[in-house]
Amino acid sequence: MWRASHNLLPTADNLWRREILLEPTCQICKQGKETTAHTLLLCKAAKKVWRYAPFETCFPDAVNQDMLEIMVEMAKKLTKSDIEVMVAICWTIWYGRNKFLFEGKKMEPLLTISRAEAVVEAFRRVKQPTLDPEAKYSSKNQQVWSPPPDNTFKVNVDAAVNFDRQKAGLGVVIRDSSNKVKVAAVKSTLFTGDVQTAEAEAVEWGLVVAKSAAFQCIMVESDCQEVVKLINNNEGSRTEIMWVISEIQSLSKDFQNISYYHTPRSCNTHAHSLAKLALRNNETVVWLEPIPVEVESVLSSLI
Ligand SMILES: [Zn+2]
């Protein structure tokens, strides 16, 4: 953003003005000069991404406008955390454009947004580690994701909820003892009004995915302590969630070896990112190894 605000990014317009390129035209949309504002905000490729931004975007439609001025304008309208996301999205758009122009890899709007959100979350974790009460609480325990033993697969699951749209996104990531992602999966579903039920549904979806990939020995990790307790102890009275729990227990019988653990959120970030991706994406997708580069990029930007 510092480089963009100082108009230092090597856009076609900047390269043309330095007589490195013969024309300043945007190579993606071929409509107008590729200035910084065009590249990050106004190009049709950028607009496709901004459509999914988690806040209102109405950028001034002037291609020659100074990026710093635009940011100052936006800072008046958005909250500080929205600005953080906006800066990250600018960066992932720039990254995505370069990937497209130089490596021919298509920019996927939803993944571009997810990647930006993952970058912001990683940034916030580093800046404010003590604000996460769970991290503080379990500071004596493991703080990073740990791989399963040989021949066992670890299934991390998570749910993300959009209360306004009454939707839930479920994310599943299955890794082996060498920390290799074997399966990643997303599912979009209706939100029934209870977050823990959504978390239980994420566990159920994790089992369905693990079963379909023919894994026999699995460790399931959820950051919802209540759900793990319910599965392990079968205690609870609320009917709604117990339907899902009994379904989980029935599916568990299909595995040779299965165990359930509660894990801090800081160790469940991959599944969390996928759950958020699922929330935006209305599809149900299971990616088997080799995991597509765009999905890997959502996961790897967390490390
Ligand atoms: Zn363009």
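In listed order, ligands and their atoms are each counted from 1. The basis for the numbers below is simple: all heavy atoms, side chains too, and nothing from hydrogens, waters or symmetry mates. Along the sequence shown, residues are numbered consecutively beginning with 1.
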- Task: Please state whether the rings of Trp50 and Phe55 are parallel, tilted or perpendicular, taking 30° and 60° as the class boundaries.
- Result: tilted
- Under 2.8 Å from the Zn ion (ligand 1), which protein N, O or S atoms are there? Could you list them by chain and number? Cys26 SG, Cys29 SG, His38 NE2, Cys43 SG
- Lys/Arg-Asp/Glu bridge criterion (N-O < 4.0 Å) met for Glu73, Lys77: no
- Note on the structure: Contacts of Phe102 meeting ring-ring contact (aromatic ring centres under 6.0 Å, His included) (sequence neighbours excluded), chain-then-number -> none
- Looking at residues at least two apart in the chain, or sitting in another chain, which of them share a salt bridge (charged side-chain N to carboxylate O under 4.0 Å, His left out) with Glu289? Lys180, Lys182
- Task: Using distance alone, with no hydrogens and no angle criterion, decide if Ser252 and Tyr260 have a side-chain donor and acceptor under 3.5 Å apart.
- Result: yes
Got a list of side-chain donor-acceptor pairs under 3.5 Å for residues 199-214, not counting sequence neighbours?
{"from": "Lys211", "atom 1": "NZ", "to": "Asp254", "atom 2": "OD2", "distance (Å)": "2.8"}
{"from": "Ser212", "atom 1": "OG", "to": "Val208", "atom 2": "O", "distance (Å)": "3.4"}
{"from": "Ser212", "atom 1": "OG", "to": "Val209", "atom 2": "O", "distance (Å)": "2.8"}

